[in-house]
Structures are given as C-alpha cells and as structure tokens.
Amino acid sequence: MDNPDKPLINRRHAAFIIVLTILWFIFFSWVLRGFVPARTEPNITIFAVITASCLTAVFWLALNMFSVVLVDQRRRRNQGE
C-alpha cells in the first residue's frame, strides 16, 4: 500500500511539466504573431507574448490537474488489486 501522504507529483513530473509549458509558450508566441492587428514589429511581439502567456497559464493549470488526477487514479487502481 502506498502512503496516502505521499505527494502526487514528484520532481521529475514537475520538471516535465515545466519543459512542456516553456515549449507551449514559445510555440504560441510564434503562432500568434500572425493574428496580431498591429503594424510595428515591437507591438506585434508584445501582444503575441501577452496573449501566449495567458494561454500558457491555462495550459499549465490543465496539465497539473491532469497529472494529479492521473497519478491518483493509478494509485487507487493499484490499491484495489
């Protein structure tokens, strides 16, 4: 039986989530540049980065929630066997 006080996410999971989040931010900063209704390059970059940061925060939260639920379900399944 696992200790119920054991954390659901360890350092390896946290590092993986951080790497995915950084890649997500870079990708969306690049993709969103084409959708910014501005004419100057600094404004395009600023608005793309701001929008990508909001999307990245949602992605980070969803990824953390998914990881915690997945680990908890696996633990419960292993305890039931």
Side-chain angles (χ1 to χ4, degrees):
M1 290 265 173
D2 282 338
N3 184 3
D5 295 334
K6 186 177 175 185
L8 294 173
I9 294 181
N10 58 19
R11 289 183 190 259
R12 194 179 83 220
H13 285 121
F16 182 68
I17 289 171
I18 289 171
V19 169
L20 279 179
T21 303
I22 290 170
L23 291 174
W24 180 272
F25 175 76
I26 292 169
F27 175 71
F28 265 94
S29 294
W30 176 70
V31 167
L32 291 172
R33 292 176 55 80
F35 296 99
V36 175
R39 296 175 196 256
T40 61
E41 192 64 32
N43 285 344
I44 291 172
T45 303
I46 289 169
F47 289 120
V49 166
I50 290 171
T51 305
S53 64
C54 295
L55 292 172
T56 302
V58 172
F59 176 75
W60 175 79
L61 183 63
L63 196 58
N64 275 307
M65 290 171 41
F66 177 75
S67 296
V68 167
V69 169
L70 185 65
V71 169
D72 187 53
Q73 284 182 348
R74 286 181 179 171
R75 281 187 188 173
R76 289 175 190 252
R77 187 179 332 134
N78 290 340
Q79 286 177 357
E81 291 178 357

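Since the structure is predicted, the reported quantities are computational estimates derived from the model, not experimental observations. These values consider heavy atoms only, across backbone and side chains, with no hydrogens, waters or symmetry-generated copies.
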Quick one: does [X]'s side chain get under 4.5 Å of [Y]'s, heavy atoms only?
X	Y	answer
H13	L8	no
F25	T21	no
L63	F59	yes
L55	W24	yes
I9	V68	yes
L23	F27	no

In Å, rounded to the nearest 0.5 Å, how long is the span from [atom1] of [X] to [atom2] of [Y]?
X	Y	atom1	atom2	value
L61	M65	CG	CE	5.5 Å
L32	I50	CG	CD1	12.0 Å
F28	S53	CZ	OG	12.5 Å

Taking all non-hydrogen atoms of both residues into account, name the closest pair between R75 and K6 and its distance.
->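 Closest heavy-atom pair between R75 and K6: NH1-O, 3.1 Å.
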
Which atom of S29 lies closest to which atom of A48, heavy atoms considered | O-CB, 3.8 Å

For N43 and T40, does a side-chain donor sit closer than 3.5 Å to a side-chain acceptor?
-> yes

I22 pairs by side chain to side chain contact (heavy atoms under 4.5 Å, CB included) with which of I18, L20, V19?
->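 Going through the options one by one, the only one that passes is I18.
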
Transitively linked via ILVMFWY side-chain contacts under 4.5 Å: W60 with I26?
->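 No, because W60 and I26 fall into different hydrophobic clusters, even though each may have its own neighbours under 4.5 Å.
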
